[in-house]
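One structure is given here, and the rest of the page talks about it.
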Amino acid sequence: MHFKRIGVIGGGTMGQGIAEMLAAKGLDVLLVEKTPERLDYSYSMIETSLDKQLEKWGITQAEKKLILSRIQKVTHFAELSSCDMVIETIIEDLDAKKKVFEKLDEVCPSHIILASNTSTLSLTELASSTKYPERVIGMHFIHPVSKVDLVEIIRGLKTSDHTFTETKHFVEEITHKKGIMVYESPGFVTTRMITLLINEAMHLLQEGVASAEDIDDAMRIGYNFQHGPLEMADRFGLDSILAALERMFREYGELKYRPSIVLKKMVRAGQLGVKTGEGFFKYDKDGDRI
């Protein structure tokens, strides 16, 4: 399959990152949001991201304009019928995602691959809401999309070999990232492992073993992590970490997935990390640590 035009549904943090990355690779992107206001906001955040790169001499003004020109703002699903692939990146809510796939099934020809960026949900269950479950696959990008060169490719029970082969080609030859195949399992590989590390760091903090700063330094310096586990949680969004742990706790029934009390308290207090300006640490409007 020749990939040239990609639909991205959802203009949140992941949707913005995926749309920007695809446009930077030379693909035409149709970015979909519920309302024109949310669409404008998502587009402005992509522009802000590009401006940051511009300030650091990462791209030129001409490259910025070219990337933005490849992103088309869309509010109607019908326009996605011309895409070669559609990637869904909305919130981690099974019912909401199933509704999206039902709509896509109505407008996208049967040969178009429908991918989900879910990090914990069942691809088999998502695919069950479509007439062609063999074309549904998981494509889990990791934040920040432009900097992490790994994508988990998740097969549902009915995902065809053709869909998997084409998706792996897209990931490795078009986006130039490493694609690893994962059989469906709650949390897959990356989410399952990183949330456990983050949860354990929160237990250490709760028990008073060390401060947040020292816990993060221990892993960042001692094991060469880019960010410590608590700052990672802030950047992923504490509400997203909580939702992932609670889902895996329900699915596996094992105590190791039970969320830390500290995590629950912070989510209840609205301290969700970078997106609210405060989590375990404080951040400015650009997402830099204060």
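Just so it is clear, the structure is predicted and the values come from calculations on it, not from any experiment. Nothing fancy with the numbering, it's 1 onward along the sequence.
Heavy atoms from other residues, nucleotides or ligands lying under 6.0 Å from CE of M181 number more than 12. More than 12 heavy atoms of other residues, nucleotides or ligands lie within 6.0 Å of NZ in K98, so this atom counts as buried by the packing criterion.
In the hydrophobic clustering of this structure, V148 does not group with L22; members are Ile, Leu, Val, Met, Phe, Trp, Tyr whose side-chain heavy atoms approach within less than 4.5 Å, directly or through other members. Residue I18 is grouped with residue V151 when hydrophobic side chains (ILVMFWY) are merged at heavy-atom distances under 4.5 angstrom, including chains of intermediate members. Linking ILVMFWY side-chain heavy atoms closer than 4.5 Å, directly or via other members, places M266 and I261 in two distinct hydrophobic clusters. L197 and I215 fall within the same hydrophobic cluster, defined by Ile, Leu, Val, Met, Phe, Trp and Tyr side-chain heavy atoms under 4.5 Å apart, directly or through other members.
Defined by atom type and a distance below 3.5 Å, a donor-acceptor pair is present between the side-chain atoms of Y283 and D234. Between the side chains of Q53 and E20, at least one donor N or O lies within less than 3.5 Å of an accepting N or O. With no hydrogens or angles considered, no side-chain donor-acceptor pair links S49 and Q16 at under 3.5 Å. In this structure, a donor-acceptor pair under 3.5 Å is absent between the side chains of S129 and E102. With no hydrogens or angles considered, no side-chain donor-acceptor pair links E134 and T163 at under 3.5 Å.
Nearest heavy-atom pair, L54 versus T60, reported as atom, atom and distance to 0.1 Å: CD1-C, 3.3 Å. For the pair E172 and G179, the tightest heavy-atom approach, listed with the atom from each and the gap, is OE2-N, 3.1 Å. Smallest separation of non-hydrogen atoms from N199 and K256: ND2-O, 3.9 Å. Residues I112 and S81 come closest through the heavy atom pair CD1-O, 3.6 Å. In this structure, D216 and L230 approach most closely via the heavy-atom pair OD1-N, 2.9 Å. Contact record, T120 with A244: CG2-CB, 3.9 Å, taken as the closest heavy-atom pair.
One N or O on the side chain of T89 and one on the backbone of G10 form a donor-acceptor pair closer than 3.5 Å. A donor-acceptor contact shorter than 3.5 Å links the side chain of Y43 to the backbone of L68. At distances below 3.5 Å, at least one donor-acceptor pair connects side-chain atoms of K97 with backbone N or O atoms of I90.
Contact of the T195 side chain with the Y257 side chain is not registered, since no non-hydrogen atoms from C-beta on lie closer than 4.5 Å.
M14 CE to T118 OG1: the interatomic distance, rounded to the nearest 0.5 Å, is 11.0 Å. To the nearest 0.5 Å, atoms CD1 (I71) and CG (L27) are separated by 11.0 Å. Atom CG of residue L121 and atom CZ of residue F188 lie 7.5 Å apart, to the nearest 0.5 angstrom. The distance from the CD atom of E231 to the CD atom of Q226 is 8.5 Å, given to the nearest 0.5 Å. Here CD of E166 is found 12.0 Å from CG of D161. Values are rounded to the nearest 0.5 Å.
Relative to the ring axis of F281, R289 places its NZ or CZ within 45° and under 6.0 Å from the centre.
In this structure, the salt bridge (Lys or Arg N to Asp or Glu O under 4.0 Å) partners of D105, at least two apart in sequence or on a different chain, are R135. With sequence neighbours left out, E246 forms a side chain to side chain contact (heavy atoms under 4.5 Å, CB included) with L242, R250, P259, K264. In terms of the ring pair (Phe, Tyr, Trp, His ring centres under 6.0 Å) criterion, residue partners of F3 (sequence neighbours excluded) are, by chain and number, F170. For the side chain to side chain contact (heavy atoms under 4.5 Å, CB included) test, residues two or more places apart in sequence or in another chain that qualify with T190 are H140, I142, L150, E152.
Residue pairs that meet the side chain to side chain donor-acceptor pair (under 3.5 Å) test with at least one member in residues 175-188, sequence neighbours left out, are S122-E184, T124-E184, S185-Y252. Sorted by first then second residue, the side chain to side chain donor-acceptor pair (under 3.5 Å) pairs that include residues 3-13, not counting sequence neighbours, are R5-S82. Within the structure, salt bridge (Lys or Arg N to Asp or Glu O under 4.0 Å) contacts touching residues 58-70 (residues at least two apart or in different chains) are E47-K64, D51-K64. Evaluation of the side chain to side chain donor-acceptor pair (under 3.5 Å) test over residues 270-282, restricted to residues two or more places apart or in two chains, returns D239-K275. Here ring pair (Phe, Tyr, Trp, His ring centres under 6.0 Å) pairs that include residues 48-72, with residues two or more places apart or in two chains, number zero.
Alongside Y132, the hydrophobic cluster contains no other residue (criterion: ILVMFWY side chains under 4.5 Å).
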Exercise for the section: Go through L104 and L80 one step at a time and tell me if the side chain to side chain contact (heavy atoms under 4.5 Å, CB included) criterion holds. Expected result: CA-CA 8 Å; L104 288 174; L80 298 173; 3.6 Å; yes

Which donor-acceptor pairs under 3.5 Å do the side chains of residues 29-41 make with protein atoms, sequence neighbours left out?
residue, atom, partner, partner atom, Å
E33, OE2, G11, N, 3.0
T35, OG1, R38, N, 3.2
D40, OD1, K73, NZ, 2.9

Identify each donor-acceptor pair in which a side-chain atom of residues 200-212 lies under 3.5 Å from a protein atom, sequence neighbours left out, and give them as a table.
residue, atom, partner, partner atom, Å
Q206, OE1, S260, OG, 3.4
S211, OG, D214, N, 3.1

